[in-house]
Structure formats: structure tokens, C-alpha cells
*Asks:* 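Can you keep this structure in mind? I'll have questions shortly.
Numbers here simply count residues along the sequence, with the first being 1. The model shown is predicted, which means the values in this text are computed figures rather than measured ones.
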Amino acid sequence: MSKFCTSCGAQIDDNTAFCPNCGAAQQADAVNPNTAYQAYSAANNNAQPTFDEVSYNYAGDIGAVQEIGKAKNNNTIIGLCAVLLVVIIAAAVLLAIFVFGKKDYEEPIEKLCLAIEEADGGAFADAYADYLVDYMDYNFEEYYDCDTEEWFEEYILEDGLDYLEDEYGDDIKVSYKVTDKEKLDDDDLEDLEDEIKDEYDEKVDVTEGYKLEVEITVKGEDDKETFDGDIFVYNIDDKWCIDATVEDDTFDIVDDIYDDYSFSDD
């Protein structure tokens with residue numbers, strides 16, 4: 001056990017005769033803690049010992065300790081609110097991507113832009129319906145000894161990219177924007193099925209279609225230009241594609257982009 005100095009209130013060992021803090025002689029009996037505290041307080045200008053950075057006296061300052069708990073609770077609440085806010089923002093971003101992001105029916109337009117930008121014959125062919133690519137493959141093999149992908153890449157896209165770089169500068173980027181759309185009705189889809197059957201002797205399943213108003217922008221290091229027109233897209237045999245059977249502005253837009261550049265077919 002220990003006792004307190006009768007002069008300065010410092011805590012000292014039971015058997016200490018003189019206070020090591022102030023040098024005062026000590027009585028043999030233990031000092032009452034409250035008397036010692038009063039002596040300590042008087043010697044230190046009424047300062048109180050501290051506990052957990054809050055003033056704490058021997059009578060038990062319960063209110064101060066409670067304030068510590070309140071502060072910690074407030075910090076916890078603030079932290080939970082911050083986490084909840086982050087979750088809400090993330091959910092909003094995902095919803096925006098789902099609602100306003102690229103739609104499936106835009107895939108053929110995206111492939112068309114990629115084909116122009118990178119002179120990619122595969123992307124160009126993939127923008128069209130499979131039955132049509134098969135038909136073109138047959139004709140290109142017979143007359144040019146190549147398939148559709150190779151023909152478009154060699155005779156259109158590579159020369160076309162050279163032309164665009166001359167017109168707009170290096171590092172060509174091609175982007176698109178759908179400014180309006182109109183959903184095609186069932187009669188339009190059935191008419192297309194019948195037309196494909198008549199012209200190509202192919203039975204296809206056309207389940208959905210849109211008329212899209214599209215802006216395609218070609219941008220290089222030196223200049224840029226935007227072209228617009230209507231492009232029809234269809235879901236044919238579970239693939240969104242452009243169909244050359246339908247008269248739209250697809251080839252007109254491509255011709256405008258290349259400014260009727262005279263391509264070689266040698």
C-alpha cells in the first residue's frame with residue numbers, strides 16, 4: 001500500500017519518513033486521500049489529475065467520462081454515414097451505366113467505327129448479318145480470290161485510312177453518337193425476312209429492329225469532321241447487325257467519310 005504526503009499530496013510509500021517530492025516530514029498514520037488531494041490541488045494551483053485527456057477528480061467526474069463515450073459514438077456514426085454514402089454513389093454509377101450506357105443494338109455501329117479507325121476488315125464484316133457475309137464470301141472468292149474480310153481491308157479500309165490521315169492528321173479516332181431511334185414494328189421485320197428469302201434464298205429470324213439517327217465523328221491530330229445519317233440495325237438470328245438489303249444511309253455515310261475517294265481494285 002501507499003499513502004500521501006501531508007504537505008504536497010504526492011503519493012509516497014508507507015514507510016517513507018520524508019516526502020521525496022517536497023521534503024516534508026510524514027506522520028506515521030496514513031493520510032486521508034481527500035485531505036491529500038486537497039493538499040495536491042493547493043500546491044498545483046487547483047490543477048486536477050487527468051484521465052484519458054479529460055479532467056477527472058477523486059469525487060468521480062462521471063459527466064466527463066460520458067462525454068468521451070459520446071464523442072466515440074459520434075465518430076462511429078460519421079464513419080457509417082461515409083460508408084453508406086460511398087455505397088449509394090457506387091449504385092448510382094452502376095445504374096447510370098445500365099440505363100444510359102451502350103445498348104446491344106449499337107454494336108454494329110461500334111464495329112463499323114472500329115473498322116474505319118483501324119482498317120479492320122474483320123470488324124467491318126462482323127457489323128453485317130452472317131448470311132450476307134457468307135454470300136459476299138462466295139462472290140469475293142470467285143472473283144478476287146479472297147474473303148469478305150480481306151477484300152474490305154485490302155481494297156477499302158487500308159486506302160481509306162491513308163486518306164483520312166492525309167485529311168485529318170495522324171492518330172485517327174472514329175466515334176459515334178445515336179441522336180434518335182425509332183423501333184420498327186413487326187410488319188417491317190416480316191417484310192425484311194421475306195426480302196432476304198427472295199433475294200438470297202435464306203430463311204432468317206428477324207426479332208427486333210431500329211432506325212437510328214447517327215452522327216459519326218472522324219478526328220485526327222490536325223482536324224475533325226462529323227457525318228450524319230440514318231442506319232437500320234436488326235437482330236437477325238440472335239446477332240445485332242446492319243443489313244445491306246435495306247436501303248439506308250450506311251454506305252452514304254462511309255462514302256462521305258472517304259469523300260468519294262477513288263479506291264483501287266487492282
*Asks:* Do the ring planes of Phe124 and Tyr128 sit parallel (below 30°), tilted (30 to 60°) or perpendicular (above 60°)?
*Replies:* tilted
*Asks:* Answer whether the closest heavy-atom distance between the side chains of Tyr210 and Trp240 falls below 4.5 Å.
*Replies:* yes
*Asks:* Can you name the closest pair of heavy atoms from Pro108 and Val233 and give their distance?
*Replies:* CG-CG1, 3.7 Å
*Asks:* How far does CD of Glu153 sit from CD of Glu158, to the nearest 0.5 angstrom?
*Replies:* 5.0 Å
*Asks:* Rounded to the nearest 0.5 Å, how far apart are OH of Tyr135 and CD of Glu199?
*Replies:* 8.5 Å
*Asks:* Mind listing the closest non-hydrogen atom pair of Lys197 and Lys203 along with its distance?
*Replies:* CD-N, 4.5 Å
*Asks:* Is there a donor in the side chain of Glu106 and an acceptor in the side chain of Tyr176, or the other way round, less than 3.5 Å apart?
*Replies:* yes
*Asks:* Are Tyr155 and Tyr143 co-members of a hydrophobic cluster defined by side-chain heavy atoms under 4.5 Å apart?
*Replies:* yes
*Asks:* Indicate the atoms forming the closest heavy-atom contact of Lys173 with Glu117, along with that distance.
*Replies:* CA-OE1, 3.5 Å
*Asks:* State the CD-CG distance between Glu118 and Leu161, to the nearest 0.5 angstrom.
*Replies:* 9.5 Å
*Asks:* Once you round to the nearest 0.5 Å, how far does CG of Asp137 lie from CD of Glu150?
*Replies:* 9.0 Å
*Asks:* Just to verify, what does Tyr131 make a ring pair (Phe, Tyr, Trp, His ring centres under 6.0 Å) with, not counting sequence neighbours?
*Replies:* Tyr200
*Asks:* Check whether Glu193 reaches the backbone of Val206 with its side chain - one donor and one acceptor, N or O, closer than 3.5 Å.
*Replies:* yes
*Asks:* Would you confirm whether Asp205, through its side chain, and Asp237, through its main-chain N or O, come within 3.5 Å as a donor-acceptor pair?
*Replies:* no
*Asks:* Working note: Phe227 + Val214, criterion side chain to side chain contact (heavy atoms under 4.5 Å, CB included); need CA distance, chi angles, decisive distance, verdict.
*Replies:* CA-CA 8 Å; Phe227 309 86; Val214 180; over 6 Å; no
*Asks:* Treating Thr179 as the side-chain partner and Glu213 as the backbone partner, does any N or O pair qualify as donor plus acceptor under 3.5 Å?
*Replies:* yes
*Asks:* To the nearest 0.5 Å, how far apart are CD1 in Ile242 and CZ in Phe251?
*Replies:* 8.0 Å
*Asks:* Give a yes or no on whether a salt bridge exists between Asp126 and Lys239, defined as a side-chain N under 4.0 angstrom from a carboxylate O.
*Replies:* yes
*Asks:* Can you see which heavy atom on Asp230 is nearest to which on Lys211, and at what distance?
*Replies:* OD2-CE, 3.4 Å
*Asks:* Heavy-atom count check: over 12 atoms from other residues, nucleotides or ligands less than 6.0 Å from Asp223 CG?
*Replies:* yes
*Asks:* Listed by chain and number, what are the salt bridge (Lys or Arg N to Asp or Glu O under 4.0 Å) partners of Glu208, not counting sequence neighbours?
*Replies:* Lys183
*Asks:* Out of the candidates Asp222, Ile172, Asp171, only one should pair with Glu165 under the side-chain contact (heavy atoms from CB on, under 4.5 Å) rule; please name it.
*Replies:* Ile172
*Asks:* Under 4.5 Å between side-chain heavy atoms, hopping through other hydrophobics if needed: is there a path connecting Leu164 to Leu114?
*Replies:* no
*Asks:* Does atom CG of Asp194 have more than 12 heavy-atom neighbours from other groups under 6.0 Å away?
*Replies:* yes
*Asks:* Pair Ile253, Leu112 - check side chain to side chain contact (heavy atoms under 4.5 Å, CB included), show working.
*Replies:* CA-CA 11 Å; Ile253 294 174; Leu112 182 64; over 6 Å; no
*Asks:* So, taking the atom named CG in Asn235 and the one named CG in Asp104, what distance separates them when rounded to the nearest 0.5 Å?
*Replies:* 8.5 Å
*Asks:* Take Ile236 and Leu132, measure what side chain to side chain contact (heavy atoms under 4.5 Å, CB included) needs, and give me the verdict at the end.
*Replies:* CA-CA 11 Å; Ile236 301 178; Leu132 186 59; over 6 Å; no
*Asks:* Heavy atoms, side chains only, cut-off 4.5 Å: are Glu154 and Tyr144 in contact?
*Replies:* no
*Asks:* Under the rule for salt bridge (Lys or Arg N to Asp or Glu O under 4.0 Å), what residues qualify as partners of Lys181, not counting sequence neighbours?
*Replies:* none
*Asks:* Once the angle between the rings of Tyr163 and Tyr258 is folded into 0 to 90°, is it parallel (under 30°), tilted (30 to 60°) or perpendicular (over 60°)?
*Replies:* perpendicular
*Asks:* When you measure from the side chain of Asp256 to the backbone N and O of Asp259, does any donor-acceptor pair fall under 3.5 Å?
*Replies:* no
*Asks:* Do Tyr105 and Leu212 pass the side chain to side chain contact (heavy atoms under 4.5 Å, CB included) test, and can you show the C-alpha distance, the side-chain angles, and the key distance before you say yes or no?
*Replies:* CA-CA 9 Å; Tyr105 57 75; Leu212 304 178; 3.9 Å; yes
*Asks:* Specify the closest pair of heavy atoms between Val133 and Ala125, including all atoms of both residues, with the distance to one decimal.
*Replies:* CG2-O, 3.3 Å
*Asks:* Looking at every non-hydrogen atom in both residues, tell me the closest pair between Cys19 and Cys22 and how far apart they are.
*Replies:* SG-N, 3.4 Å
*Asks:* Taking Thr226's backbone N and O only, do any of them form a donor-acceptor pair with Thr217's side chain (distance below 3.5 Å, no angle check)?
*Replies:* no
